[in-house]
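Please read the structure below before turning to the comments.
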Amino acid sequence: MTNTPVSYPPEFARQLLRDMLRIRRLEERAAELYGEAKIRGFLHLYIGEEAVAVGVLHALNADDAVVATYREHGHALLCGVPMGAIMAEMYGKQEGCSRGRGGSMHLFDAGTRFFGGNAIVAGGIPLAVGLALAERMQGGRRVTACFFGEGALAEGAAAEALNLAALWQLPVLFCCENNYYAMGTALARSQAQTDLCAKVQAFKVPARSVDGMDVVAVHEATRAAVEAVRASGGPQFLEFRTYRFRAHSMFDPELYRDKAEVEAWKTRGPIHTYSARLKAQELLDEAGFLALEAEAVAEVEAAVAFAEAGTLEPVETLMNDVYTPEPQP
Amino acid sequence: MTNTPVSYPPEFARQLLRDMLRIRRLEERAAELYGEAKIRGFLHLYIGEEAVAVGVLHALNADDAVVATYREHGHALLCGVPMGAIMAEMYGKQEGCSRGRGGSMHLFDAGTRFFGGNAIVAGGIPLAVGLALAERMQGGRRVTACFFGEGALAEGAAAEALNLAALWQLPVLFCCENNYYAMGTALARSQAQTDLCAKVQAFKVPARSVDGMDVVAVHEATRAAVEAVRASGGPQFLEFRTYRFRAHSMFDPELYRDKAEVEAWKTRGPIHTYSARLKAQELLDEAGFLALEAEAVAEVEAAVAFAEAGTLEPVETLMNDVYTPEPQP
Amino acid sequence: MSRITYREALRQGLREALARDPRVFLMGEDVGRYGGTFAVSKGLLDEFGEQRIRDTPLSELGFVAAGVGAALGGMRPIVEVMTVNFSLLALDPLMNTAAALRHMSGGQFSVPLVVRMTTGAGRQLAAQHSHSLEGWFAHIPGLKILAPATLEDARGMLWPALQDPDLVLLFEQGALYNQEGELDESEVVDIRSARVRREGRDLTLIAYGGTLGKALAAAEQLAGEGVSAEVIDLRVLRPLDDATLMASVRKTRRALVVDEGWRSGSLAAEIIARIVEQAFYDLDAPPARVCSAEVPMPYAKHLEDAALPQVPAIVAAAKGLLGLA
Amino acid sequence: MSRITYREALRQGLREALARDPRVFLMGEDVGRYGGTFAVSKGLLDEFGEQRIRDTPLSELGFVAAGVGAALGGMRPIVEVMTVNFSLLALDPLMNTAAALRHMSGGQFSVPLVVRMTTGAGRQLAAQHSHSLEGWFAHIPGLKILAPATLEDARGMLWPALQDPDLVLLFEQGALYNQEGELDESEVVDIRSARVRREGRDLTLIAYGGTLGKALAAAEQLAGEGVSAEVIDLRVLRPLDDATLMASVRKTRRALVVDEGWRSGSLAAEIIARIVEQAFYDLDAPPARVCSAEVPMPYAKHLEDAALPQVPAIVAAAKGLLGLA
Ligand SMILES: Cc1ncc(C[n+]2csc(CCOP(=O)(O)OP(=O)(O)O)c2C)c(N)n1
Ligand SMILES: Cc1ncc(C[n+]2csc(CCOP(=O)(O)OP(=O)(O)O)c2C)c(N)n1
Ligand SMILES: [Mg+2]
Ligand SMILES: [Mg+2]
């Protein structure tokens with residue numbers, strides 16, 4: 001798969017790489033800032049899995065809805081949330097995309113229909129089904145894409161949501177990021193059925209497994225699935241086989257997996273394999289790569305500067321937005 | 001299937017009929033008593049489904065555990081709870097099997113390892129998995145049989161429990177009483193996947209569908225499944241296709257199904273078809289049938305008399321057993 | 001004025017809302033073909049069709065969360081959880097998501113969802129079908145809680161609840177479904193205030209939902225014994241209408257809360273705490289409460305009766321407060 | 001005496017229980033290979049093996065209910081729900097089944113299950129990971145609730161909880177895991193009583209779990225200002241130890257409850273109600289409370305701090321009670 005030619009227009013082919021780099025550099029920086037105690041709480045990095053968010057989100061329209069998890073910096077960014085607003089959110093500044101109240105796990109953006117930032121495992125899945133129901137009832141054609149990990153598929157919420165989506169034929173794209181671990185629990189140690197597509201198909205949701213380390217494979221599979229959702233009105237499920245290169249969160253001592261396993265997956269890293277392909281096809285040269293890198297780093301540093309310059313929400317407004325304010329007459 | 005010969009010893013062959021009659025007459029009487037306001041609350045009748053409880057429970061050992069639903073008079077009876085204790089429970093008398101505190105939906109009997117009487121749909125399923133876990137950890141060979149309706153399979157609790165049982169290979173016999181309706185909601189209107197065995201197999205629990213109107217088929221399938229559980233240590237799932245001839249509960253106007261459908265199923269009624277087979281094979285004659293009938297009616301009337309003669313728990317002990325009393329020194 | 005049951009009043013409210021706003025739809029277990037477990041939604045399927053009267057699978061967590069999503073997506077869903085007992089399966093989307101979403105998103109997303117559920121005991125449905133948890137839900141910031149006790153509120157609370165931009169839980173008292181009376185069509189129903197249902201001088205009885213009728217009956221009986229009890233119907237359990245409560249308590253100087261919830265950690269405790277915080281020096285006696293016994297509800301009628309607040313206990317507690325015991 | 005953290009004290013308790021009774025086992029998400037989300041169970045998998053240290057799938061409802069079943073089946077399970085926030089997925093087996101089972105079966109089945117969970121805020125984990133719901137759980141009849149605030153209780157409460165024949169919920173305070181101190185090995189730990197952690201004359205501060213340390217700090221500061229505060233650690237949130245509470249309040253005549261739960265419907269409200277019911281005429285001032293703001297917990301540190309009970313607010317409220325404001 002990794003050797004199939006990239007047949008995209010050069011601009012778009014590079015865009016995919018650019019976006020993976022943007023996520024990678026953003027998160028590497030966030031990890032550093034966590035070390036400096038600028039960012040606190042739980043911080044879950046997506047490093048190694050970037051091909052999934054990038055490949056999927058480039059296959060959606062701007063007005064499609066997206067529901068994600070606590071590992072969602074990349075998804076927010078690709079939905080169009082400015083990097084500065086993401087970084088400021090992690091700093092707890094009111095310039096953040098959730099005014100600093102959400103932090104890393106609760107990025108939101110109404111403008112781009114990015115519905116979070118959900119820190120309850122599987123909690124976003126039935127929520128996405130409801131968004132799709134609303135779309136269907138209003139006669140719209142927008143898709144709701146919902147991201148979650150393979151661990152979430154053991155939750156009852158996932159089973160109930162899959163059934164509802166299939167029963168009512170709702171336009172949901174289920175995007176399962178199978179990175180083989182839920183915190184420290186390997187898939188085979190938590191689910192009797194490790195063939196996730198088989199599990200999901202039994203709910204009558206069409207399902208397909210995809211190489212999640214290959215941004216082109218992700219993008220192509222998603223385009224087909226989104227088309228199927230729009231054509232049929234019903235749900236589709238994609239399993240993206242991927243891997244997180246870092247710990248689950250900043251507290252994880254990683255006792256549960258071999259270094260060798262991590263290293264083996266790293267050789268399939270989505271960024272270096274894809275940029276190698278681009279270079280092999282002469283869609284990119286080293287200078288071009290360095291330019292993209294520099295661009296990403298510059299964006300990150302600007303985001304950090306934005307966050308640093310950000311301000312704290314006054315304590316006086318703490319109680320605002322527990323309820324929606326009454327419209328002023 | 002209904003025409004295959006009954007190859008059981010005559011005594012046992014008649015026992016199956018006797019037990020179906022006992023349940024039927026008990027419940028018909030309970031319905032009358034509900035009309036007389038002797039029994040209150042919710043009352044869910046099993047009429048039409050008797051072959052399932054009888055066929056299954058005769059395949060279990062006395063010390064196997066049983067977990068049932070709110071439609072459990074028959075299961076309690078076949079586990080060995082005296083009919084009088086069941087009737088007294090529905091009367092709310094302290095001679096009832098739950099001291100009159102449980103009513104129809106909460107029959108319990110520690111002595112026979114009958115774990116209720118659970119009125120939360122699907123609530124008994126993970127409970128049964130836990131009982132089986134305890135058995136496994138203590139090195140026992142007893143099976144836990146768990147009854148529930150097809151509607152329960154849409155609950156997240158069911159999905160989580162099936163996965164746990166398969167993952168940990170626990171000795172549970174899942175007995176799904178598929179009567180095609182959950183209250184007024186037909187299976188096809190509530191689950192995208194109507195092939196319940198396919199759904200369950202996807203969780204890696206071996207599953208088989210059985211004619212639930214044929215007590216012999218139920219019994220044979222259960223014997224095989226119980227043997228498989230004891231041999232493998234792992235779970236088995238049986239779908240019994242059956243039908244309730246009465247309303248869901250005493251409040252149900254039955255707007256959701258055709259009279260014709262009900263009548264069609266009634267021609268397959270488990271009692272008259274089985275007694276016809278016994279007669280055809282000369283394992284039973286009309287006098288023998290009437291004797292069984294008379295016996296059942298007498299047992300029911302004795303149970304009613306027992307319940308009528310029962311006493312009310314003194315109000316003073318209302319608060320007993322919210323907590324377990326301290327052992328007296 | 002028209003003669004009507006609490007059930008019919010609720011149905012009228014549903015019908016009006018469905019007719020008035022095409023974004024409104026009803027979803028829950030057996031709301032359609034079955035006609036509603038307690039027949040509240042009977043006939044609505046024929047009138048409004050399958051799209052707007054949606055029978056769901058047995059998946060409380062799933063369809064409540066889907067209701068949250070549908071509200072976010074522009075609809076005005078009414079989700080019926082058959083009884084509050086089963087809502088324990090759906091607390092995560094209610095508390096962790098819907099109630100928190102607006103605040104944690106920095107004010108970006110409101111959840112205009114109404115969840116209806118039947119609450120309360122009194123029908124011999126035993127431990128797993130008799131909870132009164134509306135007061136317990138009132139602990140959760142971000143949601144509003146309504147407890148219609150009158151026909152007017154049964155009919156009239158739904159529409160303002162649907163106009164409310166935030167999650168509203170509407171608790172219907174199961175024991176009231178068959179209660180019949182004259183509906184005052186002219187009453188304007190808000191979802192903000194408590195109401196004085198009977199004026200009095202000597203003490204304030206504070207009740208709601210299933211206990212309002214009992215408090216009124218107790219007041220009647222007390223009147224016969226020369227005691228003038230004021231009766232307040234809370235109506236809205238969150239946020240509480242402190243002003244109405246305190247005005248009454250300052251006047252009568254004595255308060256008795258009647259609450260079907262279990263005593264410890266009841267809404268009654270919160271009301272007592274507020275009275276103490278806001279009106280301590282106006283009190284002539286410690287505020288008191290009559291609640292349910294702290295026991296899983298038994299099936300047997302006499303035990304269930306003993307476990308629930310009853311008129312004689314309310315009368316006795318009221319007299320106790322007045323030193324008439 | 002040995003120097004130890006709250007986390008290590010909890011681990012000692014687990015290790016001792018596992019060693020002492022072969023029926024005891026621990027199950028929950030990531031208790032094994034990962035080493036425990038908060039490292040409480042670190043090392044136990046190696047020591048006791050996979051049968052007794054069981055990693056579960058992400059299925060809170062399923063494995064909590066399985067714990068109930070395993071308890072019925074003769075084991076003594078300790079189920080870890082990673083944090084109280086996720087226990088909202090498992091309320092049905094806890095409230096509808098385990099807490100009700102003994103009563104509704106007429107006394108036939110007890111459920112000797114211990115459920116451990118992390119509770120509380122203070123670590124910038126935001127709205128979905130910061131609930132303090134232990135006081136809310138205390139509303140439910142049929143269960144017992146423990147809130148260890150000291151090293152001795154962190155180590156010592158587990159064993160008596162396992163001896164208890166009924167469902168016990170044990171809430172560990174997340175913000176205390178790293179707290180270090182001297183463990184008094186000689187202390188006998190019960191799971192029935194509240195404890196006076198500091199004697200005083202002028203008012204009673206009532207706290208538990210995460211607020212005990214703050215109450216003690218406030219008492220210290222008050223002492224510097226000439227105010228003698230008694231500090232009570234509730235320890236057991238259900239059933240409450242009224243005797244210890246009332247003895248102190250009758251002595252000091254003033255009470256302030258410090259509770260990390262949201263204010264409305266808090267355990268603090270229940271305690272105020274009880275004080276009023278049992279000691280009204282002994283009071284020199286209305287009992288008061290310092291609770292969390294009624295807001296989904298924000299991420300930003302300064303907002304989280306503002307939402308939680310803090311020492312200055314406790315000191316100010318205490319002085320207010322004494323008319324020193
Ligand atoms: C309901 C719930 N249970 C437990 C947790 C704690 N937790 C956070 S992430 C996680 C692992 C989830 O694994 P997976 O779904 O595979 O997603 P991944 O983190 O691998 O992307 C767990 C157990 C939670 N947030 N919510
Ligand atoms: C969690 C839950 N939701 C809803 C109900 C109300 N209810 C009781 S029985 C029932 C139908 C169950 O159908 P099924 O599982 O097929 O069993 P059957 O009654 O047909 O035997 C419903 C919806 C309940 N008791 N528990
Ligand atoms: Mg994963
Ligand atoms: Mg059924």
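So you know, we letter chains A, B, ... as the sequences are listed, proteins then strands, and number each from 1. Everything numeric here is computed off the predicted structure, so don't read it as measured data.
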Who among [options] has the most heavy-atom pairs with chain C under 4.5 Å?
options: A/R113, A/Q94, A/E326, A/E135; value: A/E326
options: A/L107, A/D109, A/N118; value: A/D109
options: A/P126, A/C97, A/A119, A/A128; value: A/P126

* Measuring from C/S105:OG to A/D321:CG, what's the distance to the nearest 0.5 Å? ->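 C/S105 atom OG to A/D321 atom CG measures 7.5 Å (nearest 0.5 Å).
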* To do: Report the distance from atom CG of A/L167 to atom OG1 of C/T56, rounding to the nearest 0.5 Å.
  =>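 That separation rounds to 9.5 Å.
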On a heavy-atom basis, which atom in [X] and which in [Y] lie closest, and how many Å separate them?
X: C/H103; Y: A/N320; value: CD2-O, 3.1 Å
X: A/L164; Y: C/P57; value: CD2-CD, 3.6 Å
X: C/F109; Y: A/F115; value: CE2-CE2, 3.3 Å
X: C/G74; Y: A/A134; value: N-CB, 4.5 Å

* To do: Please report the C-alpha distance between C/K144 and A/Y323 in whole Å, then the side-chain angles of each, then the deciding distance to 0.1 Å, and finally whether the side chain to side chain contact (heavy atoms under 4.5 Å, CB included) criterion is met.
  => CA-CA 9 Å; C/K144 292 179 188 163; A/Y323 297 96; 3.6 Å; yes
For [Y], is there any backbone N or O sitting under 3.5 Å from a side-chain donor or acceptor partner on [X]?
X: C/Q108; Y: A/G111; result: no
X: A/R99; Y: C/G107; result: no
X: A/Q138; Y: C/G73; result: yes

Under a 4.5 Å cut-off applied to non-hydrogen side-chain atoms, are [X] and [Y] in contact?
X: C/R54; Y: A/L133; result: yes
X: A/T324; Y: C/R102; result: yes
X: C/M104; Y: A/F108; result: yes

* Region of A/E89 that comes under 4.5 Å of a non-hydrogen atom in chain C -> neither
* **Under 4.5 Å from any heavy atom of chain C - which part of A/A157** => both
* To do: Heavy-atom distances under 4.5 Å only: say whether C/P141 touches chain A with side chain, backbone, both or neither.
  =>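 Interface part for C/P141: both.
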* Check each atom of C/T97 against the heavy atoms of chain A and say whether the ones under 4.5 Å are side chain, backbone, both or neither. => side chain
Please identify, among [options], the residue contributing the most non-hydrogen atom pairs under 4.5 Å to chain A.
options: C/V111, C/N96, C/V64; answer: C/N96
options: C/D164, C/L167, C/L61; answer: C/L61
options: C/L143, C/L58, C/V68, C/L101; answer: C/L143

